[in-house]
Each structure stands twice: as C-alpha cells, then as structure tokens.
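Accompanying notes for the structure given below.
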Amino acid sequence: QVQLVESGGGLVQPGGSLRLSCAASGFTLDNYAIGWFRQAPGKEFEGVSCISSSGRITSYADSVKGRFTISRDNAKNTVYLQMNSLNSEDTAVYFCARRWGSSCLDYVSMTGFGYWGQGTQVTVSS
C-alpha cells in the first residue's frame, strides 16, 4: 500500500525556518519524482518544489526560490523540504505527492501525481 506521510509543520515566526519531511512506504522511492505542494486558505493549490527520482534535478516556484531547498534520502525513503526565511505568505497546508514517473517536467500542473499525503500545517505568524 502506497503511503506518504508529511511531518515537521508547525507555528513559526517570520524569518524562521522549518524542515518538512515526507516519509514514503509501500514503494521504492528512488523510481519516482516527488513534489511538494501547498494550499493557503481560500487559495488554489500551488506547486512549491519538485525533485526528480535521481535527485539531480530540482525545481522551485519563483515565490520560494532561494529560500526553500528540496532533497531526498532514498535510503531512508524520505524527501525533505527545508524552508528558510519564512513569511506570512508561506502559511498553508503542505502536501507531498508521488508522480507516476521520474521527471519533474511541468510539475506545477500537478499532472501525474497520483498519491498524496494528508498534509501538514505551516503557520507563519508573530
């Protein structure tokens, strides 16, 4: 059974950092691209970042570029999202998702992401 479980969310002050984890089970992580998405209250889903199956290719939304870093540890079956310099615009529920294939091409369309975690809340507030 394919499962993705996010963790690491919470309340953080502006300028702070969090590291989200996406723990995978039921499949071999290194065969698939993994994406991070978020949904803020009253807004549509937004593609935040993606990492290819090999880990050699990463993509970021313009809104997080330079502040967020995606990485993966296939031995631990886990993908991470390090989030620095957080601001109120980053407040959202964050989801990780597994793509059918190994590429992050056009990940923002959310096409091909068939398995999703339950999400973890990130709140940036003073």
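Bear in mind that the values here come from a model prediction, so they are computed numbers and not experimental data.
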Hey, does [Y] have a side-chain heavy atom less than 4.5 Å from the side chain of [X]?
X     : Y     : answer
Glu46 : Val64 : no
Leu4  : Arg98 : yes
Pro14 : Asn87 : no

Please answer whether the main-chain N or O of [Y] pairs with a side-chain N or O of [X] as donor and acceptor at a distance below 3.5 Å.
X     : Y     : answer
Ser59 : Cys50 : no
Thr28 : Asp30 : no
Asn74 : Asn77 : no
Arg72 : Ser52 : yes

Can you tell me which residue among Thr58, Thr69, Ile57 is in a side-chain contact (heavy atoms from CB on, under 4.5 Å) with Ile51? Thr58
Find the distance between CG (Leu29) and OG1 (Thr78) and round it off to the nearest 0.5 Å.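 These two atoms lie 7.5 Å from each other.
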Distance in Å, Cys104 SG paired with Tyr60 OH, rounded so as to fall on 0.5 Å steps: 10.0 Å
CD (Gln121) with more than 12 external heavy atoms under 6.0 Å: yes
Lys65 atom NZ, neighbour heavy-atom count above 12 within 6.0 Å: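 Atom NZ in Lys65 is crowded, with more than 12 foreign heavy atoms closer than 6.0 Å.
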Distance-only donor-acceptor check, side chains Asn84 and Ser17, under 3.5 Å: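 Note: Asn84 and Ser17 side chains meet the donor-acceptor criterion.
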cation_pi(Arg19, Tyr80) dist<6.0 Å, angle<=45: yes
Side chain to side chain contact (heavy atoms under 4.5 Å, CB included) evaluation trace for Phe68 with Trp36: CA-CA 11 Å; Phe68 289 12; Trp36 281 99; over 6 Å; no
Should Val93 and Phe37 be regarded as members of a common hydrophobic cluster, given that ILVMFWY residues are connected when their side-chain heavy atoms come within less than 4.5 Å of each other, either directly or indirectly?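 As far as the 4.5 Å side-chain criterion goes, Phe37 and Val93 are connected within one cluster.
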Common cluster, Ile34/Leu81, ILVMFWY with side-chain heavy-atom separation under 4.5 Å: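 Per the 4.5 Å side-chain linkage, Ile34 and Leu81 are co-clustered.
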Parallel, tilted or perpendicular: which fits the ring planes of Tyr115 and Trp100, with parallel below 30° and perpendicular above 60°? perpendicular
Kindly assign one of parallel, tilted or perpendicular to the pair Phe95 and Phe45, based on the angle between their ring planes and the thresholds 30° and 60°. tilted
Phe27 and Tyr32: aromatic ring centres closer than 6.0 Å? yes
Would you sort out whether Leu18 and Val122 count as a side chain to side chain contact (heavy atoms under 4.5 Å, CB included), showing the intermediate values? CA-CA 9 Å; Leu18 284 173; Val122 171; 3.9 Å; yes
Salt-bridge present (Asp90, Arg67; N to O < 4.0 Å): yes
Under the side chain to side chain contact (heavy atoms under 4.5 Å, CB included) criterion, do Leu20 and Met83 qualify, and how do the steps go? CA-CA 8 Å; Leu20 304 184; Met83 307 187 297; 3.7 Å; yes
Looking only at heavy atoms, which two atoms of Val5 and Gln118 are closest? And how far apart?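 Reported closest heavy-atom pair: CA-OE1, 3.8 Å.
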Intermediate values then yes/no, side chain to side chain contact (heavy atoms under 4.5 Å, CB included), Leu11 and Ser125: CA-CA 7 Å; Leu11 174 64; Ser125 175; 4.1 Å; yes
